[in-house]
Structure formats: C-alpha cells, structure tokens
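If you're wondering where the values come from, they're calculated on a predicted model, not measured in any experiment. We name chains A, B, ... by the order of the sequence lines, and we start the count at 1 in each one.
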Amino acid sequence: MFPLDLLSGAEPSASPDSPLLAHLNEEQLAAVTLSAGHALILAGAGSGKTRVLTTRIAWLLQTGQATPAGILAVTFTNKAAKEMSARLSAMLPVNVRGMWIGTFHGLCNRLLRAHHQAAGLPQSFQILDTQDQLSAVKRLCKQHNVDEERFPPKQLQYFIAGCKEEGQRPGDVAVSDPDTRRKVEFYQLYEEQCQREGVVDFGELMLRSYELLRDQPHLRAHYQRRFQHILVDEFQDTNRLQYAWLKQLAGDEVEGRMQAHGSVIAVGDDDQSIYAFRGARVGNMADFVREFDVQRQIKLEQNYRSFSNILDSANALISHNSRRLGKNLRTTQGPGEPVRVYEAHTDLAEAQWIVEEIRQLVKNDGFERQEIAILYRSNAQSRVIETALFNAAVPYRVYGGLRFFERAEIKHALAYLRLLENPHDDTSFMRAVNFPPRGIGARSIELLQDAARSSGCSLSDAVTAVPGKAGANLGAFVAKIEVLREQTQGKNLRQIIEAVLDASGLIEHYRNEKEGADRIENLQELVNAGESFVTQEGFGRDAVALPLDEHGQALRQSPVSQGLDPSLPVLDEVLPVLQPQGGIVDIDTGETLSPLVAFLTHAALEAGDNQAQAGQDAVQLMTVHASKGLEFDAVFIGGMEEGLFPHENAMNDSGGLEEERRLMYVAITRARKRLYLSHSQTRMLHGQTRFHIKSRFFDELPESALKWITPKQQGFGTFMPQGGGGYGSAGYGGGRGQGGWGGKTETFASPPVPPQKAAPGHGLSAGTAVFHNKFGEGKVLAIEGTGDDARAQVNFPRHGTKWLALAIAKLTIVD
DNA sequence: ACTATCCGCATTTTT
DNA sequence: TGCGGATAGT
C-alpha cells in the first residue's frame with residue numbers, strides 16, 4: 001500500500017542545503033526536518049510559524065516521506081488554510097488538491113459528505129450558521145411553549161453549542177438541577193428537529209464526524225492509515241472535541257496512551273491562547289504531550305517582526321503569568337523606538353491624540369495608513385476613535401461587521417436556494433415564506449406550525465392542511481418554490497441564482513426600498529459569486545469516496561487518479577478528483593454533489609472575507625482578538641484602563657486575568673516598529689462617564705522600554721464634547737465590512753492553472769437519454785465542466801435528479 | 001402588516 | 001449612550 005519503509009527508517013534524501021531549507025534558522029530547521037514521531041512546536045508570535053508548517057509539508061513531500069494524500073493539515077480559519085495551500089504550491093509544484101488542508105469544520109464537512117450514509121445524514125445536508133441556529137432554536141421554543149424568560153433562546157443555543165464542544169449528546173450531560181434537565185430535554189428536541197430537517201450546525205459538524213470515526217472501525221482504520229502526517233495549527237485554540245477528533249484520526253487510544261500510526265505535529269502558542277471563552281482548552285497542549293508521549297518539543301523564539309523594545313515589553317508582560325510552558329522571544333533587531341505611553345483626560349482626547357500621532361506618522365515618518373492599526377479591547381471603543389478619525393478626514397476601516405454571506409439580503413436569497421434543494425428545511429422556509437412580504441402573517445404561520453406539529457411533518461408539507469385564505473397564500477408560496485425548482489432543472493448555478501432573485505421578488509422588493517441599492521448590489525454580487533464558484537480555479541477540491549471493505553481497505557482504485565500528475569505517488573483509497581464545485585464523488589455511482597449544494601456549503605462554511613484588503617490606504621481598526629495573526633508597522637492600543645483592559649468581566653473566573661494578559665501580549669506583538677499605549681482618566685461607558693485608573697499592565701512593562709508622554713497643556717478646544725455627531729456610519733474607508741467577497745487580491749501566488757483538457761467526446765448533451773448501472777434510464781438535463789471535471793445532471797425517473805461525474809459514472813447512451 | 005416607541009442591555013468570536 | 005428586540009398602536 002503506502003511505503004511504510006520510507007516512513008519508519010530511511011533518512012530524508014534531500015540535502016540539508018536544499019533550497020527549500022535555505023534561510024531557516026536553527027530552530028525552524030529542526031522543526032521542519034523532524035523525523036517521524038509526534039512533536040509539539042511552541043511557536044512564538046512572529047517566529048515564522050506558517051513558514052515552518054508549510055516548509056515541513058513541502059520537505060516531507062520532496063524527500064518522499066509523504067505523499068500528498070498522506071497529509072492532513074488543519075487550521076481554524078479559512079484564511080489560514082488558504083494561505084497554507086497558497087504558500088505550499090508556491091514552494092513545490094505539488095498537487096495541493098490531493099492534500100487535506102482545511103479548517104476543522106471544512107474537513108468534517110468533507111468526511112460527512114463522503115460518508116453521509118454511515119453518518120446518518122442526507123448527502124445534501126445543509127449547514128446552519130450561528131444565525132440560522134438561533135432561529136431554529138427560537139422556532140423550537142415557540143413550538144414547545146418554552147418560557148423564554150427563564151430560558152432565553154440565546155442561552156439555549158449557547159448551552160447546545162457548549163455541550164457539543166464537550167462532545168456531549170443529550171444523554172451524556174450530567175444533570176444536577178431542574179433547569180439543566182429542561183435544557184437537556186430541549187437539546188434533545190433540537191437534535192430531533194435538525195435531523196428531521198436534514199440540517200447540521202457547526203458543532204454538529206464536528207461532533208458527528210467525531211462519532212463517525214469513533215463508531216465505524218473500518219472508516220477509522222482507513223483514515224488513520226491514510227493520514228500519516230497530521231499537522232495542527234493554533235493548537236492552543238482547540239476545544240475538547242477537536243482534540244478528541246484529532247485523536248481518532250491519529251490512532252487508537254489504549255489506557256490513556258495513543259497508539260498512533262503516523263505522526264502528529266501540533267503547532268501552537270500557549271501565550272496566545274485567547275479563546276477560552278469559546279471552549280478553547282490550552283490544556284490540550286499538555287494532554288497532547290502526555291497522551292502522545294511526545295518526545296520532541298521545539299520552541300520557535302526567534303522573532304522576525306518587532307524591535308526589541310516592543311519584544312521586551314511583551315516578554316516582561318507575559319512573564320507575570322504563572323501557568324506557562326515557558327518561552328521568551330528574541331530578536332536581532334535593535335531596540336528601535338521606545339513604546340510611547342499617553343495618559344489622556346478623556347476618551348475623546350485620547351482619540352484625538354491617536355489621530356494626531358497617526359497624521360504625524362504618515363506625514364513625517366512615511367508610514368502607510370494600512371500599516372497602522374488601532375486596537376481596542378471591546379468594539380464599543382471604536383466609536384470615539386471613528387469620530388475623531390472622521391473629523392480629521394483620516395481614512396479608516398473597521399473590522400468586525402457583517403460578512404458577505406451573513407447579510408440579510410444574502411441570507412434571504414440563500415434561503416430560497418436551500419428550499420430548492422430541500423423543501424423540508426424549515427429554517428429556510430420561515431425565512432423565505434414572507435420575505436418579501438406576501439401577506440403571510442404571524443397568524444398564518446402559527447396555523448401552519450400547528451398543522452406541521454400535529455402531523456409531524458415539515459412546514460412545507462403541512463401547507464395543504466391549512467384552510468382558508470392563509471392556506472391559499474401558503475399554498476401559493478410553496479407552489480412558487482416548486483415551479484422554480486422545475487424551472488431551474490438543468491440550469492447552471494448562475495442561472496439558478498438569477499432565477500431565484502427574480503422569482504422570489506427580492507430584487508423587486510429592494511428596488512422599492514429607499515436604502516435598497518446596496519442590497520441589490522450585493523445580490524448581484526451573489527450571482528457573480530455563484531458564477532466564479534463553478535468556473536474559477538481555487539475553490540475547494542474534494543475527494544472520491546471509495547467503497548471500503550470491513551478493514552477500511554479500498555475495494556477499488558479511482559479511475560480518476562490516472563488523470564492526475566503521474567509523477568506523484570498516489571495512495572490507494574481516497575483520491576483527489578477535480579471538482580471545481582468542491583463536490584464529493586461517490587465512486588460507485590459517479591454521483592456528485594450538485595453545484596448548488598456545494599455552493600450553499602461554501603456559503604455556510606466561509607461567510608466571506610472580513611480581513612484586510614491589501615493597498616486600501618486606510619487605518620485599520622479592530623479588536624485585539626481580531627488582530628491575532630496580523631502585523632502592522634505601527635500599533636495603537638487604546639483604553640488601557642482597569643476594568644476595560646483587563647476587562648472587569650474577565651476578572652471573575654479563575655484564569656481570567658491571565659487570559660487578559662495574553663490578550664495584551666497578542667496586542668503588543670502585532671507591532672513591528674512603533675507601539676503606542678494610551679489610557680484615559682474619564683470614559684463614556686454605557687451612557688455614563690466613568691473614572692478609570694490606568695491598567696495594571698503598565699506596571700508589568702519594563703520602564704526602560706517606555707516613554708511617557710504627558711498631554712500638552714490644552715485649551716478647551718480639544719476637549720469639546722462632540723456636538724451633533726451627524727456623520728453616517730460609512731466612514732472614509734467605506735465603513736464596516738465593505739464588499740470583501742469576490743475578486744480579492746491574493747497576497748501569494750495563486751496556484752498554477754492546469755491546462756484545460758479538451759472536452760472528451762462523451763457525446764452527451766441536454767436531452768440525451770442515458771443508462772446508468774444503478775439508477776437505470778434517465779435523461780440528461782445539463783452538462784458542466786470539461787475533461788475530468790465534466791459532470792452531467794441526469795434525471796432518473798426512479799431516483800430523481802443527480803449530478804454525475806462523467807469520469808467515473810458509467811453512462812451509456814440510449815438511442 | 002407596518003411603524004413608533006419603549007425597554008433593557010452592553011467583552012472577546014470562528015466555523 | 002446607542003442599539004436591537006419586543007410591544008403597542010394605526
């Protein structure tokens with residue numbers, strides 16, 4: 001099967017001065033060239049972590065220690081996953097598609113689609129994002145007359161998500177009090193609802209695929225054998241379930257020790273663990289070392305980002321934390337400028353000082369605006385700063401707004417699209433049924449829900465049971481969807497979306513709305529998104545789900561593998577296949593996910609870009625959390641006050657202060673050249689002026705690296721309370737979350753576009769009658785893609801409409 | 001069904 | 001202070 005001998009014994013064949021390894025420092029080199037076995041890499045801020053990770057993969061491939069199919073690299077964000085793929089393909093002429101590089105949720109999705117039957121899901125299951133989940137919870141609350149005072153939907157949602165993150169099904173939750181019992185009951189009901197509707201939430205994606213691996217020995221064996229090299233990014237941010245999931249893939253646990261097949265490399269930084277509040281467990285690092293019997297720990301402490309005054313400050317600060325694995329950043333750069341500290345009288349004066357400093361930086365020191373960031377602990381702090389920037393006509397951009405796929409108008413359009421795919425998706429039904437308004441009010445909905453409940457069916461199916469005018473309106477809506485479904489048969493994604501926008505009346509509705517122009521523009525952008533999703537290079541590629549025997553061995557090879565780069569050794573089993581729409585191909589039947597389902601999945605899993613767009617010439621405003629992983633020439637951290645930073649709410653639970661300190665550590669280490677800290681004696685908070693003393697973190701910084709700036713004696717002019725703040729929400733930089741979705745500039749070279757093969761003479765076109773071994777006779781509705789990508793949408797009278805990969809499906813033309 | 005108004009609430013957030 | 005959600009009024 002795979003070359004075991006290569007993995008266990010043989011020395012790497014690449015010479016140490018291979019160009020791949022050039023310019024790596026000693027610790028980086030050690031990490032990159034680790035021989036087989038588990039390892040923990042403590043990667044300090046700015047230590048070249050991503051570089052090490054990607055070079056490691058490249059080195060494994062180049063030295064023949066691994067094949068693309070044997071690698072699993074998992075990250076938290078799509079951005080990180082994309083960056084890894086991009087850098088990798090810039091390094092090696094490697095087929096990135098063969099590798100499983102993605103987010104936890106993205107990879108879980110892939111597993112579940114490929115093995116949907118074993119996982120007990122429809123292949124086209126839809127994914128609920130946090131908004132969808134909340135509306136599903138609310139709907140369920142209403143249906144079961146839950147006292148929403150005692151059990152706020154938000155809290156129930158939080159409870160459910162929390163349980164899943166801990167790997168707990170309703171039956172696993174320890175019930176200590178009546179309230180918890182009620183919540184667990186609700187959790188149970190929620191699960192049943194999701195299952196009935198064929199939808200999964202983010203937590204479910206993780207939990208379900210964990211259970212899949214846990215409960216299906218042959219699948220587990222298969223993937224364990226396949227993934228000889230597992231690499232985990234930001235390991236300090238993993239929650240309990242994610243770690244458990246990784247363990248399933250890595251090997252079997254015997255008496256608390258992992259009997260692993262390949263090797264697991266966990267990369268993380270305990271000092272940058274700032275997500276405990278959402279279930280991240282730094283303790284996973286220690287558990288990993290113990291359970292995997294990790295022999296190698298490498299610290300990446302050489303920092304390539306900041307001058308030493310900044311670094312010294314970070315080191316000194318974080319040394320006040322007790323529970324640390326221990327790490328100290330160093331640099332070969334000089335001290336640089338001192339860290340400037342400013343004490344303002346009011347929050348407004350603080351903001352004005354920041355703005356003034358920024359103007360100086362740009363004017364006198366040649367700093368680029370997009371290389372300057374203003375960081376704060378909580379979003380509310382941005383307001384004053386925005387005002388000041390706006391008044392000074394300094395372009396800026398705020399992060400943290402709604403992302404593309406989260407916008408209301410987009411969610412509405414997606415709801416229609418989802419209903420086309422699955423009429424029983426009640427969440428989407430509820431969203432679409434009366435938007436745009438079509439005379440279906442709360443009363444009608446209530447009747448419908450009652451009907452659905454009493455007959456145990458979906459809202460869509462219950463429509464016929466509603467009498468009178470309400471029933472007629474509802475019937476018209478369902479009919480409209482059905483007609484639309486008919487009409488879009490055989491249409492491509494772009495045409496489907498256009499049809500939905502038209503038939504739903506969404507465009508029409510927004511045309512009549514005074515603020516609707518932006519929304520229409522976004523809806524147009526959705527059409528483009530659909531278009532590029534199918535056409536463009538660079539979207540998620542997925543795997544062929546091969547039939548496996550009871551030992552997890554593949555029963556058959558994928559014929560598609562023959563079309564791939566022959567120079568790369570290919571593992572048996574699950575092989576990559578070109579599926580621009582990111583589909584999964586069932587090798588038995590050739591069935592692929594419809595482009596629409598793939599697109600909807602993409603929309604749920606990747607809400608759109610929120611991150612920096614290069615060359616925007618705008619000062620960057622964001623929370624400290626949002627700044628993690630980024631770097632800037634100059635960084636301002638405002639609101640350095642007791643109660644704000646460290647935040648008062650964080651001081652309750654144990655470890656709260658330490659997490660705040662790590663947060664501050666993250667903030668400091670974002671800066672390359674200049675760091676400015678400021679605090680204000682007075683601050684408008686919740687409508688009241690509050691007095692704050694300066695943050696204790698100042699006392700933890702080295703006096704020698706700081707330079708205190710006292711405010712100049714100012715006249716009243718500077719202290720003027722803001723009168724009539726009648727500026728629009730759109731700031732100079734375009735306001736929050738401006739169009740990040742399509743056509744962004746890539747920081748790294750995009751993967752080489754493989755030459756398009758000429759379409760093989762499959763001789764199919766719309767209308768052709770074909771025969772399939774399993775599905776019988778059918779009629780071709782549409783063809784998409786070329787070469788190995790080509791797939792046909794075929795309507796089988798008995799099995800419905802399916803997308804089939806022509807490279808795999810055995811279709812014969814019937815005359 | 002849509003708008004006006006009032007009340008309560010206010011770290012951090014990716015998938 | 002300023003927002004979102006829920007309610008009451010047309």
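Here the side chain of A/His686 is nearest to one of B/dC2, B/dA10, B/dT12, namely B/dA10. Ranking B/dT15, B/dT12, B/dA10 by closeness to the A/Thr103 side chain, first place goes to B/dT15. The side chain of A/Asn649 sits closest to B/dT11 out of B/dT11, B/dT15, B/dT13.
Less than 4.0 Å separates DNA chain C from no heavy atom of any residue of residues 149-157 of chain A.
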query = Where do A/Arg169 and A/Glu204 land on the salt bridge (Lys or Arg N to Asp or Glu O under 4.0 Å) test, with the steps shown first?
reply = CA-CA 10 Å; A/Arg169 290 295 179 191; A/Glu204 188 69 23; 2.9 Å; yes
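Heavy atoms of A/Phe104 sit nowhere under 4.0 angstrom from any nucleic acid atom. Within 4.0 Å of A/Asn434, counting heavy atoms only, lies no atom of the nucleic acid at all. Residue contacts shown for A/Phe76 are limited to sugar-phosphate atoms, with no base heavy atom under 4.0 Å away. No contact: A/Gly203 has no heavy atom under 4.0 Å from any strand. Residue-level contact check: A/Ala604 touches neither bases nor backbone, having no heavy atom under 4.0 Å from any strand. Across all strands shown, A/Glu660 has heavy atoms under 4.0 Å from base atoms, whether or not it also approaches the sugar-phosphate. If you check every strand for non-hydrogen atoms under 4.0 Å, A/Ile440 touches sugar and phosphate atoms only.
Here the closest non-hydrogen pair linking A/Ser627 and A/Arg670 is O-CD, 3.2 Å. For A/Gln123 against A/His116, the heavy-atom pair with the smallest separation is N-ND1, 3.3 Å.
Annotation: cation-pi pair A/Arg662/A/Tyr665 absent, no NZ/CZ under 6.0 Å from the ring centroid and within 45° of its normal. Taking the ring axis of A/Phe125 as reference, the NZ or CZ atom of A/Arg113 stays within 45° of it and closer than 6.0 Å to the ring centre.
Here the P atom of nucleotide B/dA10 and the CZ atom of A/Arg377 are 15 Å apart, to the nearest Å. Between the CZ atom of A/Arg690 and the P atom of B/dT11 there is a distance of 10 Å, given to the nearest Å.
Residue-to-nucleotide contacts include a donor-acceptor pair under 3.5 Å from the side chain of A/Thr130 to the base of B/dT15.
In this structure, A/Asn379 does not reach the C/dC3 phosphate: none of its side-chain N or O atoms is under 4.0 Å from OP1 or OP2. Taking 4.0 angstrom as the limit, A/Arg278 places none of its side-chain polar atoms (N or O) nearer than this to OP1 or OP2 of B/dT15.
Around the OH atom of A/Tyr158, the shell of radius 6.0 Å holds no more than 12 heavy atoms that belong to other residues, nucleotides or ligands.
A syn orientation is assigned to B/dT11, its glycosidic angle lying within 90° of 0.
Ring geometry for A/Phe435 against A/Tyr510 counts as tilted: the plane angle lies between 30° and 60°, on a 0 to 90° scale.
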